[in-house]
K.L.:
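Take a look at this one; I'll ask things after.
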Protein chains: 2
Amino acid sequence: MRADAQRNYARLLAVAEAEIAVNGADASLEQIARIAGVGSGTVRRHFPTRHALLAAVFRDRVETLCAHARDRLGRPDTRGALLEWLGAVTTSAATIRGLAMALNRDRTADAEHEHCATTQLTEAGEPLVRQAADDLAPGVTVTDLLALITGIALATETHPDPAAEANRLLDLAITGLSPIRRL
Amino acid sequence: MRADAQRNYARLLAVAEAEIAVNGADASLEQIARIAGVGSGTVRRHFPTRHALLAAVFRDRVETLCAHARDRLGRPDTRGALLEWLGAVTTSAATIRGLAMALNRDRTADAEHEHCATTQLTEAGEPLVRQAADDLAPGVTVTDLLALITGIALATETHPDPAAEANRLLDLAITGLSPIRRL
DNA sequence: TAGGATACGGAGACCCCCGCCGTTTAGCAA
DNA sequence: TTGCTAAACGGCGGGGGTCTCCGTATCCTA
């Protein structure tokens, strides 16, 4: 990769992150190019699709979440480990503007890129779920949980305190609608 | 309202419904105008904002859901009544293209129009929840449940069978993550 | 039927996405 | 250092979309 290309890539990524934080997942690519001081063609060369840009912008975040999941593998409190991770994912999805929509969209994408965020999270979370399977309702999959979280994050996007609200709803879904019963 | 205005209003509503069913909540207004054979100005006159158009298109559906809720008031099986209604709302939100997004957006709208769909549903569902309160986890509100449903519907929009998937996730959230326990 | 109120239509300004291609420039090799 | 070539750049042009505005056509009433 040529030096100037690297520079532009980095600049674009930084600008895009800022712009997406402000305007959400459908921030204007043109605008990003303008702010970064490059032509619109350059944006499209580095990131052929909007999805590619989102993936790049959120890559670190997603990586962190995946690492978070791996760290919790092998713990004695398997259910607690899973719940902690779900909480972390929820907080990120609800807090980081555009992430939820990005996750939702790559569920949409027909031609799944192997390393799209959802796939990564699914792979990272699957062992956690398997490990906690005895303490979960039968038939629950990581995919289900991620879908639920994505949905919750989308629905709370405009709430004054998205993270709190999203986690509240997640708790509701985890606990279930019924009053708590003692075993 | 002048006769021609009424005609155009009706045509636009019909075309919009079809177009939204195909292209979702951000169908092109221009396109709708074209199909309906009117100028784009006419669309904007009848429906100043996209939100207004969505509200009009989904009005009947929402009305039906509200009626559905009212019908279930006073039943002995209060919990069952609530769950049935939640299922109905979920099915509609997941099936009718654009509805979920519309619901989500008017949660967003700062200046809540009194009769936006979410408000209506909230008012209609509130008595059902109150009525079933003894069988619910404390602190659960209609607003929470509608947010959850909206989110689920958004997240399952692209699934091959949205209604089934959405209801599955709703069941998951109602049951909770834990294995079923006997009292 | 004549006139005013009402609704219509589309032009204009602005923005965005996307593909393309002539031009510049980085980096290697002589 | 100086060429040279391939890679990267920038921005133009076409196609859409949204939103505003105003001259014009249409309805309805008196």
Side-chain angles (χ1 to χ4, degrees), chain A residues 1-58 97-98 101-102 104-106 108-111 113, chain B residues 1-58 97-98 101-102 104-106 108-111 113:
Chain A
M1 181 127 117
R2 248 168 63 168
D4 52 347
Q6 275 179 314
R7 263 201 312 277
N8 282 333
Y9 184 90
R11 293 175 69 105
L12 280 173
L13 212 52
V15 172
E17 185 169 356
E19 204 59 14
I20 287 172
V22 173
N23 296 316
D26 31 43
S28 160
L29 302 181
E30 203 99 349
Q31 171 80 347
I32 290 174
R34 244 175 277 135
I35 295 178
V38 304
S40 65
T42 300
V43 177
R44 313 201 70 73
R45 194 166 322 105
H46 286 294
F47 310 102
T49 67
R50 165 171 250 106
H51 189 258
L53 178 60
L54 291 174
V57 165
F58 294 130
R97 191 94 191 274
M101 197 163 285
N104 198 37
R105 287 204 190 154
D106 60 33
T108 293
D110 3 57
H113 297 73
Chain B
M1 184 127 119
R2 244 169 65 172
D4 53 347
Q6 274 180 314
R7 263 201 313 275
N8 282 333
Y9 185 89
R11 293 175 70 108
L12 279 174
L13 213 51
V15 171
E17 184 168 355
E19 204 59 14
I20 287 173
V22 173
N23 296 316
D26 30 44
S28 159
L29 301 182
E30 199 97 351
Q31 172 80 347
I32 290 173
R34 245 175 276 135
I35 295 177
V38 304
S40 66
T42 299
V43 177
R44 315 201 73 73
R45 194 167 323 106
H46 285 294
F47 310 103
T49 68
R50 165 169 251 107
H51 189 257
L53 178 60
L54 291 174
V57 165
F58 293 130
R97 191 95 190 273
M101 197 162 286
N104 198 36
R105 287 203 191 153
D106 61 34
T108 293
D110 2 58
H113 296 73

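Reckoned from all heavy atoms, side chains included, excluding hydrogens, waters and symmetry mates. Order of the sequence lines fixes the chain letters, A, B, ..., with proteins taken first and strands second; residue numbering starts at 1 for each chain. Just so it is clear, the structure is predicted and the values come from calculations on it, not from any experiment.
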K.L.:
Can you find a heavy atom in the side chain of B/R45 that is under 4.5 Å from one in the side chain of B/N8?
P.N.:
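B/R45 vs B/N8: side chains apart.
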
K.L.:
Roughly how many Å is it from CD1 in B/I35 to C1' in C/dG9, rounded to a whole number?
P.N.:
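Going from CD1 in B/I35 over to C1' in C/dG9 covers 18 Å.
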
K.L.:
Would a 4.5 Å heavy-atom cut-off, applied to side chains only, mark A/Y9 and A/M1 as touching?
P.N.:
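SC-SC contact between A/Y9 and A/M1 confirmed.
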
K.L.:
For the pair made of NE2 in B/H51 and P in D/dT18, what is the distance, rounded to whole Å?
P.N.:
17 Å

K.L.:
OP1 or OP2 of D/dG17 sitting under 4.0 Å from any side-chain N/O of B/R34?
P.N.:
yes

K.L.:
How close or far is atom P of D/dA8 from atom CZ of A/F47, stated in whole angstroms?
P.N.:
14 Å

K.L.:
For the pair made of CG in A/N23 and P in C/dC15, what is the distance, rounded to whole Å?
P.N.:
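A/N23 atom CG is separated from C/dC15 atom P by 14 Å.
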
K.L.:
Using only atom types and a distance under 3.5 Å, with no angle test, would you say the side chain of A/R34 pairs donor to acceptor with the backbone of A/G39?
P.N.:
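Pair absent, no side-chain N/O of A/R34 close to backbone of A/G39.
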
K.L.:
OP1 or OP2 of C/dA7 sitting under 4.0 Å from any side-chain N/O of B/T42?
P.N.:
no

K.L.:
OP1 or OP2 of D/dA8 less than 4.0 angstrom from a side-chain nitrogen or oxygen of A/H46, does that happen here?
P.N.:
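No, no such contact exists.
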
K.L.:
Please give, in whole Å, the distance from D/dG11 C1' to A/I32 CD1?
P.N.:
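That distance rounds to 18 Å.
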
K.L.:
Can you check whether B/N8 has a side-chain N or O nearer than 4.0 Å to OP1 or OP2 of C/dA7?
P.N.:
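Indeed not, no polar side-chain atom of B/N8 lies that close.
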
K.L.:
Take nucleotides 20-30 of chain D nucleotide by nucleotide from the 5' end and write B, S or -, depending on whether a protein heavy atom sits under 4.0 Å from the base, only from the sugar-phosphate, or from neither.
P.N.:
B-----BSS--

K.L.:
List the residues meeting side-chain hydrogen bond (donor to acceptor under 3.5 Å, both in side chains) with B/N23, not counting sequence neighbours, and say none if there are none.
P.N.:
B/E19

K.L.:
What is the distance from CZ of A/R50 to P of C/dG19, rounded to the nearest Å?
P.N.:
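Taking CZ of A/R50 and P of C/dG19, I get 14 Å after rounding.
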
K.L.:
With DNA chain D as reference, determine whether B/S28 or A/Y9 sits nearer its 5' end, using the nearest nucleotide of each.
P.N.:
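The answer here is A/Y9.
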
K.L.:
Could you pull out the closest heavy-atom pair between B/A33 and B/S40, with the gap in Å?
P.N.:
CB-CA, 3.9 Å

K.L.:
What are the two closest heavy atoms between B/V57 and B/I20, and how far apart are they?
P.N.:
CG2-CD1, 4.2 Å

K.L.:
Can you measure B/E30 atom CD to C/dG10 atom P for me and round it to whole angstrom units?
P.N.:
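Between P of C/dG10 and CD of B/E30: 11 Å.
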
K.L.:
Could you tell me the separation between the CG atom of A/D26 and the P atom of D/dT18, rounded to a whole number of Å?
P.N.:
14 Å

K.L.:
Near B/R11 CZ, under 6.0 Å, is it more than 12 heavy atoms from other residues, nucleotides or ligands?
P.N.:
no

